[in-house]
**Q** 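The structure that follows is given in the form of structure tokens.
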Amino acid sequence: MIEIVFATNNKHKLDEIRQILGEEFKVLSLNDIGCYDEIPEDHDTLRENALQKAQYVFEFKNMMTCCFADDTGLEVDALNGEPGVHSARYAEETDHDSEANMRKLLAKLGNNNNRRARFRTVIALIELEEDDSTEFPIRSQVTHFFEGIVEGTIAYEKSGHEGFGYDPIFIPDGYDKSFAELGEEIKNKISHRARAVQKLADYLKKEAV
């Protein structure tokens, strides 16, 4: 079993990641490694935030275990890409207040007929690579990025009770139901995070051979 640290304590994310990766991987959370710090994510892009979180945990673990972090944003065309990197704190009331975030988004969109949007997830994986071509092997930090995108539209009102975040108002292309209505089984096959995690898993499995 491959052990890897996921830089989050978000139960929804952990469950989703563990289901997608399967039994070949033991995914540890921040709590599992005793990290209770408020990890900063103060950059302007998903890629930079994901790397910042992964780097923090990598150093916390004294660079002994490979780890990864993700950052996800909802990009709405009619709002010039908002909320984007600020998706979790869009309402500016409190971190990860999904209800407040959705209210603000729907209010800003109003009756605008352009409802095109996409979820984008970027994963940053940090691991140690050993170069044994010299007399004294050298271990160096290597970073890889994996991205997943799912296109869709923003509904006019919430529907469904599963999922989290903006799931009740996001309808993926090819479906007439929101992520919150489709359920975990379908979402974990087609979501932005699922696509990014699948790329991560494919890489890890290849490296483990």
Side-chain angles (χ1 to χ4, degrees), residues 1-22 24-75 82-102 104 119-130 139-148 163-167 184 188 191-201 203-204 207-208:
M1 182 179 290
I2 303 170
E3 187 174 286
I4 187 169
V5 178
F6 181 21
T8 189
N9 276 324
N10 184 308
K11 184 180 183 303
H12 295 292
K13 281 189 178 183
L14 281 167
D15 289 345
E16 194 172 274
I17 290 288
R18 285 167 175 161
Q19 287 180 27
I20 295 169
L21 285 179
E24 293 179 64
F25 297 87
K26 181 179 182 181
V27 182
L28 303 177
S29 67
L30 293 176
N31 281 342
D32 291 331
I33 64 171
C35 180
Y36 307 107
D37 304 341
E38 186 68 30
I39 300 178
E41 44 181 322
D42 48 20
H43 290 286
D44 295 325
T45 68
L46 300 176
R47 184 183 177 101
E48 289 174 312
N49 277 343
L51 179 57
Q52 183 180 28
K53 290 185 284 186
Q55 185 67 48
Y56 189 98
V57 174
F58 191 62
E59 293 175 1
F60 180 87
K61 284 288 290 180
N62 294 316
M63 304 183 184
M64 295 299 292
T65 306
C66 66
C67 64
F68 70 96
D70 80 314
D71 201 20
T72 294
L74 174 63
E75 303 168 352
E82 289 186 15
V85 72
H86 305 294
S87 293
R89 303 171 181 80
Y90 192 44
E92 300 176 359
E93 295 176 14
T94 182
D95 192 11
H96 299 289
D97 186 337
S98 299
E99 292 298 322
N101 288 337
M102 285 188 285
K104 178 176 180 178
F119 268 121
R120 187 189 306 272
T121 289
V122 177
I123 290 176
L125 168 71
I126 298 179
E127 58 183 349
L128 282 177
E129 212 168 72
E130 190 167 290
R139 303 183 80 191
S140 57
Q141 176 181 325
V142 180
T143 303
H144 303 276
F145 292 96
F146 308 92
E147 182 175 90
F164 58 99
Y166 296 90
D167 285 356
E184 289 184 1
N188 287 347
S191 78
H192 45 294
R193 187 172 291 108
R195 292 173 178 176
V197 171
Q198 190 58 59
K199 293 176 183 178
L200 168 68
Y203 170 80
L204 291 173
E207 289 297 298

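Just so you know, these numbers come straight off a predicted model, no measurement behind them.
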**Q** Taking C-beta and beyond as the side chain, do Phe58 and Leu128 meet within less than 4.5 Å on heavy atoms?
**A** yes
**Q** Under 6.0 Å from the ring centre and within 45 degrees of the ring axis: does the NZ or CZ of Lys104 meet both conditions for the six-membered ring of Tyr90?
**A**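 The answer is yes; both the distance and angle limits are met.
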**Q** Between CZ of Arg193 and CD of Gln198, what distance do you get to the nearest 0.5 Å?
**A** 14.5 Å
**Q** Only one of Phe145, Phe25, Phe146, Phe6 forms a ring pair (Phe, Tyr, Trp, His ring centres under 6.0 Å) with Phe68, so which one is it?
**A** Phe6
**Q** How about Thr45 and Val122: do any of their side-chain heavy atoms sit closer than 4.5 Å?
**A** no
**Q** Indicate yes or no: at least one non-hydrogen side-chain atom of Gln141 is less than 4.5 angstrom from one of Ile126.
**A** yes
**Q** Identify the heavy atoms of Arg120 and Leu46 that sit nearest to each other, and give their distance.
**A** O-CD1, 3.6 Å
**Q** Can you tell me how far OG1 of Thr143 sits from CG of Leu51, rounded to the nearest 0.5 angstrom?
**A** 5.5 Å
**Q** Find the distance between CZ (Phe60) and CG (Asp37) and round it off to the nearest 0.5 Å.
**A**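 Reported to 0.5 Å precision, the distance equals 6.0 Å.
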**Q** Just checking, any donor-acceptor pair under 3.5 angstrom between side chains of Ser98 and Asn101?
**A** no
**Q** Roughly how far, to the nearest 0.5 Å, is the CD atom of Glu59 from the SG atom of Cys67?
**A** 9.5 Å
**Q** Does Glu16 reach the side chain of Val197, with side-chain heavy atoms less than 4.5 Å apart?
**A**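 Of all side-chain heavy-atom pairs linking Val197 with Glu16, none is under 4.5 Å.
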**Q** Nearest 0.5 Å please: distance from the CD1 atom of Ile17 over to the CD1 atom of Ile123.
**A** 5.5 Å
**Q** Looking at every non-hydrogen atom in both residues, tell me the closest pair between Val142 and His144 and how far apart they are.
**A**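 That would be CG1-NE2, 3.3 Å.
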**Q** Testing the basics here: between Cys66 and Glu127, what is the closest heavy-atom pair and its distance to 0.1 Å?
**A**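 Where Cys66 meets Glu127 most closely, the heavy atoms are CB-CB, 3.7 Å.
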**Q** Hydrogens and angles aside, do Asp71 and Gln52 bring a side-chain donor and acceptor to less than 3.5 Å of each other?
**A**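 Judged by distance alone, the side chains do not pair up.
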**Q** Enter the distance from Lys11:NZ to Asn31:CG here, rounded to the nearest 0.5 Å.
**A**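 Spacing of NZ (Lys11) from CG (Asn31) equals 13.0 Å.
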**Q** Can you check whether Ile2 reaches Leu21 side chain to side chain, under 4.5 Å on heavy atoms?
**A** no
**Q** Minimum heavy-atom separation for Asn49 to Glu41, with atom names?
**A** OD1-C, 3.2 Å
**Q** Does the Arg18 side chain pair with the main chain of Val27, one donor and one acceptor, at a distance under 3.5 Å?
**A** yes
**Q** Could you tell me which non-hydrogen atom of Ala69 sits nearest to which non-hydrogen atom of Ala50, and how far apart they are?
**A**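 Looking at all heavy atoms of both residues, the shortest contact is CB-O, 3.4 Å.
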**Q** Between Asp44 and Val85, does the side chain to side chain contact (heavy atoms under 4.5 Å, CB included) criterion hold? Intermediate values first, please.
**A** CA-CA 7 Å; Asp44 295 325; Val85 72; 5.6 Å; no
